[in-house]
Novice: 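My questions all concern the structure below.
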Amino acid sequence: MGANSQPHTNPTPARTAGTPAVSYRPMEWSDLDAVATCFDRVWPQREGIAGTPVAPLIARYLTLHYLEQSTWSNVAQTSAGEFVGITLARVVGRPALFPQAHGALMSVRAGLLTDPRGARVIETLEDGFFVREGILEEDSDVTATTQAELELFMVNPDVRGAGVGGALWRQLLAALHSMGVRAFFLHTDSSCDFGFYDHKGLSRVAERLAADHPEDANLAPGMNTDDQFIYRADLAGTALGGAFDGAQGEVCGA
């Protein structure tokens, strides 16, 4: 079980034609390599960094950044043990899943700072992207009206369209509901399929469009061109409420 100790149930594995069966479980620390490798595939680095030793380190840094804050996890894997998806969430008042994530994050960060390319990405994230996320949170006051944040939602490209993302989403909603969460929020940007959240009935409560802020490009040319958004989900709302009604047998993760 690793660091995840809360009870969970494993639903009937999902299967579609031509895809292996998929089951769901809490993340273990030993999953870190697979999660970071998938992160590098889903959100590859720009030209000049992609394909270099710096790229997987950046993916690992970002994975640990989200993992450090998380208190709940759900991993999708095939019957052969292949990692195919994950959700990470932070629920207010609950302990971190992996206390060791902070030390691992600082170690990867130190390694990136020894390479000028890695140092520039760290500067872009810590002095730019993450700062803007904080400003959006303050402007929208979203943390005052929610009890949780979705930190990471990622599906392996090899199984897109096989229902893995939908299953992870439904199980996330059911798990948060079972923990007493009434509303949660998430950060996303234009490098992601943010239309998914519109389709699922979430409300966009804050946005920062890159076109309105050309000064962002000055920090690192080509690396500050994404629009940033915050979405809020009300679990009592009619659009989301039906997603977990009667789904307690499908709550996975811890």
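Hydrogens, waters and symmetry mates are skipped; everything else that's a heavy atom, side chains included, is used.
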Novice: Taking atom types as modelled and ignoring hydrogens, do the side chains of E137 and H187 form a donor-acceptor contact shorter than 3.5 angstrom?
Specialist: yes
Novice: Indicate the atoms forming the closest heavy-atom contact of G165 with F153, along with that distance.
Specialist: O-CZ, 3.4 Å
Novice: Kindly write out the residues that satisfy salt bridge (charged side-chain N to carboxylate O under 4.0 Å, His left out) with E133, not counting sequence neighbours, or none if the list is empty.
Specialist: none
Novice: Mind checking whether M27 and L105 sit in one hydrophobic cluster, side chains of I, L, V, M, F, W, Y counted as touching below 4.5 Å?
Specialist: yes
Novice: Quick check against the 3.5 Å criterion: does S190 have a side-chain atom that pairs as donor or acceptor with the backbone of D227?
Specialist: yes
Novice: Between the side chains of T145 and R232, is a donor N or O closer than 3.5 angstrom to an acceptor N or O?
Specialist: yes
Novice: For F194, what residues pass the ring pair (Phe, Tyr, Trp, His ring centres under 6.0 Å) criterion, not counting sequence neighbours?
Specialist: F229
Novice: Do you know the tightest heavy-atom contact between P157 and R41?
Specialist: CB-NH2, 4.0 Å
Novice: For the residue pair F184 and Q147, establish whether any side-chain heavy-atom pair is separated by less than 4.5 Å.
Specialist: no
Novice: Does D139 have any salt bridge (charged side-chain N to carboxylate O under 4.0 Å, His left out) partners at least two apart in sequence or in another chain, and if so, which?
Specialist: none
Novice: Return the set of residues passing side chain to side chain contact (heavy atoms under 4.5 Å, CB included) with D141 (not counting sequence neighbours), or none when no residue passes.
Specialist: A144
Novice: side-chain contact (heavy atoms from CB on, under 4.5 Å) between V91 and E149: does it pass, once the steps are laid out?
Specialist: CA-CA 7 Å; V91 179; E149 178 182 1; over 6 Å; no
Novice: Closest heavy-atom contact between V181 and L235?
Specialist: O-CD1, 3.2 Å
Novice: For E82 and D158, work out which heavy atoms get closest and say how close.
Specialist: OE2-OD2, 3.9 Å
Novice: Applying ring-ring contact (aromatic ring centres under 6.0 Å, His included) as the test, list every pair that has at least one member in residues 40-67; sequence neighbours left out.
Specialist: F39-W43, H65-F130
Novice: Of all residues at least two apart in sequence or in a different chain, which pass the side chain to side chain contact (heavy atoms under 4.5 Å, CB included) check with P44?
Specialist: none
Novice: Do the non-hydrogen side-chain atoms of L32 and F98 ever get within less than 4.5 Å of each other?
Specialist: no
Novice: State which residues pass salt bridge (charged side-chain N to carboxylate O under 4.0 Å, His left out) with E68; sequence neighbours excluded, sorted by chain then number.
Specialist: none
Novice: Contact between Y24 and I86 at the side-chain level, heavy atoms closer than 4.5 Å - yes or no?
Specialist: no
Novice: For a side-chain contact (heavy atoms from CB on, under 4.5 Å) check, start with the C-alpha distance between L136 and V142, then their side-chain angles and the critical distance, and finish with the verdict.
Specialist: CA-CA 9 Å; L136 287 175; V142 70; over 6 Å; no
Novice: Take L88 and W72 through the test side-chain contact (heavy atoms from CB on, under 4.5 Å) and record every step on the way to the result.
Specialist: CA-CA 6 Å; L88 295 175; W72 181 88; over 6 Å; no
Novice: Just verifying a value: how many Å separate M154 CE and T63 OG1, rounded to the nearest 0.5 Å?
Specialist: 6.0 Å
Novice: Do L67 and E151 have side chains that approach each other closer than 4.5 Å (heavy atoms only, starting at C-beta)?
Specialist: no
Novice: Looking at CD of E207 and OG1 of T188, how far apart are the two atoms once the value is rounded to the nearest 0.5 Å?
Specialist: 12.5 Å
Novice: Report yes if some heavy atom in the side chain of V121 is under 4.5 Å from a heavy atom in the side chain of L112; otherwise report no.
Specialist: no
Novice: Any chain of hydrophobic side-chain contacts (each under 4.5 Å) joining M179 to V92?
Specialist: no
Novice: Quick test of your reading: applying salt bridge (charged side-chain N to carboxylate O under 4.0 Å, His left out), list the pairs with at least one residue in residues 174-197, sequence neighbours left out, ordered by first then second residue.
Specialist: none
Novice: Looking at every non-hydrogen atom in both residues, tell me the closest pair between V155 and R160 and how far apart they are.
Specialist: O-NH2, 3.4 Å
Novice: Please check: side-chain N/O of Q77 versus main-chain N/O of V22, any donor-acceptor pairing under 3.5 Å?
Specialist: no
Novice: When you compare the side chain of L97 with that of E28, does any pair of heavy atoms fall below 4.5 Å?
Specialist: no
Novice: Set out, in order, the CA-CA distance, both residues' side-chain angles and the distance that settles side-chain contact (heavy atoms from CB on, under 4.5 Å) for L172 and N74, then state yes or no.
Specialist: CA-CA 8 Å; L172 168 74; N74 194 19; over 6 Å; no
Novice: If the condition is salt bridge (charged side-chain N to carboxylate O under 4.0 Å, His left out), which residues does E126 pass it with, not counting sequence neighbours?
Specialist: R109
Novice: Would you call the rings of Y231 and Y197 parallel, tilted or perpendicular if under 30° counts as parallel and over 60° as perpendicular?
Specialist: tilted
Novice: Is it the case that the side chains of R90 and Q69 hold a donor-acceptor pair, with the cut-off being a distance below 3.5 Å and no angle test?
Specialist: no
Novice: For residues A89 and L176, report the shortest heavy-atom separation together with the two atoms involved.
Specialist: CB-CD2, 4.4 Å
Novice: Write out all pairs satisfying side-chain hydrogen bond (donor to acceptor under 3.5 Å, both in side chains) with one or both partners inside residues 47-60, taking only residues at least two apart or from two chains.
Specialist: D33-R60
Novice: Can you list, by chain and residue number, the hydrophobic cluster partners of I135 when the side-chain cut-off is 4.5 Å?
Specialist: V131
Novice: So, using side chain to side chain contact (heavy atoms under 4.5 Å, CB included) as the criterion, who are the partners of S203 when residues are at least two apart?
Specialist: V205
Novice: Donor-acceptor pair, distance only, cut-off 3.5 Å: does the side chain of S178 make one with the backbone of A175?
Specialist: yes
Novice: Do V42 and C38 touch side chain to side chain, with heavy atoms closer than 4.5 Å?
Specialist: yes
Novice: Using the side-chain hydrogen bond (donor to acceptor under 3.5 Å, both in side chains) rule, take Q228 and R208 through it: C-alpha gap first, then chi angles, then the decisive distance, then the call.
Specialist: CA-CA 5 Å; Q228 292 178 253; R208 192 176 198 274; 5.4 Å; no
Novice: Could you tell me the separation between the CG atom of L186 and the OG1 atom of T87, rounded to the nearest 0.5 Å?
Specialist: 12.0 Å
Novice: With a 4.5 Å cut-off on side-chain heavy atoms, are D234 and L202 touching?
Specialist: no
Novice: Looking at CG of L152 and CG of L62, how far apart are the two atoms once the value is rounded to the nearest 0.5 Å?
Specialist: 9.5 Å
